[in-house]
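Everything on this sheet refers to the single structure shown next.
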Amino acid sequence: MEPDVLGQPYERRTIDLASDDEGPVVATLVRRFAEHRSGRAVLYVHGFVDYFFQTHLADFFTGRGFDFYALDLRKYGRSLLAHQTPNFCLDVSDYHPELDAAMEIIRGEDGARTVLVMGHSTGGLITALWAHERRDAGLVDGLFLNSPFFDFNAPWVVRRPLAGAVSRLGRRSPYRIIPFGISDVYGQSLHADHRGEWRYDLTWKPLAGFPVRAGWLAAIRRGQGRLRAGLDIDVPVLLACSTRTFRGKRWEQGASLGDAILDVEHMVRWAPRLGRHVTLVRFDGGMHDLTLSGPEVREQVFTEAGRWIDAFLPAPTAPDPDRAEVPLPRQA
């Protein structure tokens, strides 16, 4: 591990991955140990046009005894190299190697016995598909999805026939830019230099995002299709989202009180396809990243998350001082 850009107590580790058509590839695992460690850990995976900067999220988890890890995926944030196309992939499964490597560090090297995986937006789609694929490996004990990207926020004709045509284009010209950009309204609602309260690196998370490319859109569409066909995630899932979608293209106060990126009804519709044990919670006034919502909503999000964690991933009970302590086996 080496010092992270966030400073102490955060540190990071570069994960070298196989090269692709653009050259060398890396991912970055950020770590912060809890002051009072409990054998539990959380792995956070960001969304599209994103990276880990939400230190208050780490405060919440480490305060509950979780060692906190965040993964900047390949071609995102800390992992974006000069020769790479930002935030690009050809298939959602491209991210499985760094998730596997991160889990080997968390469980194999650092000895976590219980691991919660938390995914936001595109990270929610990625982690859901990965948890399904790795369901027999005993890697994941719970899944927390924060406004997951289960469908495109567009009319049906765009989501299905038009997106299908673009997917075919993606096979021939994967790096072609398509006019499916992100409005800067959400970015304005977040960044402290505009209308929000958060400071982050605008080179890694620009207000209006990075260009959307045909190959990436095709990859996301295939991943969403796999999810909507039905997964079999065998651990408890918490899915959280806003109660409303904001569809404006210009700034107004409502952008800070709803999801300005995705259609929340898509998340609700497809939640049952994740597995047999899914808890759905909606927050009035919640933004796309619920943990970046206004203070009152953030507090509600953390309260509900805490209740769910206490129910399904509780802290280990204190050993009886009159009995010899038998060490538990460490999971691989």
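Just so you know, these numbers come straight off a predicted model, no measurement behind them.
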### Task
Indicate whether the side chain of Thr85 and that of Glu22 have a donor and an acceptor atom separated by less than 3.5 Å.
yes

### Option from Tyr51, Trp216, Phe210, Trp204 for which side chain to side chain contact (heavy atoms under 4.5 Å, CB included) with Asn87 holds
Phe210

### Task
Indicate whether the side chain of Ser189 and that of Ser256 have a donor and an acceptor atom separated by less than 3.5 Å.
no

### Message
Whether the side chain of Arg32 engages the backbone of Tyr10 through a donor-acceptor N/O pair (distance < 3.5 Å, no angle test) should be reported.
### Response
no

### Query
Do other residues, nucleotides or ligands put more than 12 heavy atoms under 6.0 Å from the NE2 atom of His83?
yes

### Task
Check whether more than 12 heavy atoms from other residues, nucleotides or ligands sit under 6.0 Å from atom CD of Glu2, and answer yes or no.
yes

### Task
Tell me yes or no: between the side chains of Asp184 and Trp251, is some donor less than 3.5 Å from an acceptor?
no

### Task
Specify whether Phe68 and Phe52 have parallel, tilted or perpendicular ring planes, treating 30° as the upper limit for parallel and 60° as the lower limit for perpendicular.
tilted

### Query
Mind checking whether His191 and His194 have parallel, tilted or perpendicular rings, split at 30° and 60°?
perpendicular

### Task
Count the heavy atoms belonging to other residues, nucleotides or ligands that lie under 6.0 Å from CD of Glu296, then report whether that count exceeds 12.
no

### Message
Measuring centre to centre across the rings, with the benzene-like ring taken for any Trp, is Phe144 within less than 6.0 Å of Phe61?
### Response
no

### Any donor-acceptor N/O pair, Lys205 side chain to Val49 backbone, under 3.5 Å
yes

### Task
For the pair Glu133 and Arg226, evaluate side chain to side chain contact (heavy atoms under 4.5 Å, CB included) and give the outcome as yes or no after the intermediate values.
CA-CA 11 Å; Glu133 292 294 330; Arg226 292 196 292 269; 5.7 Å; no

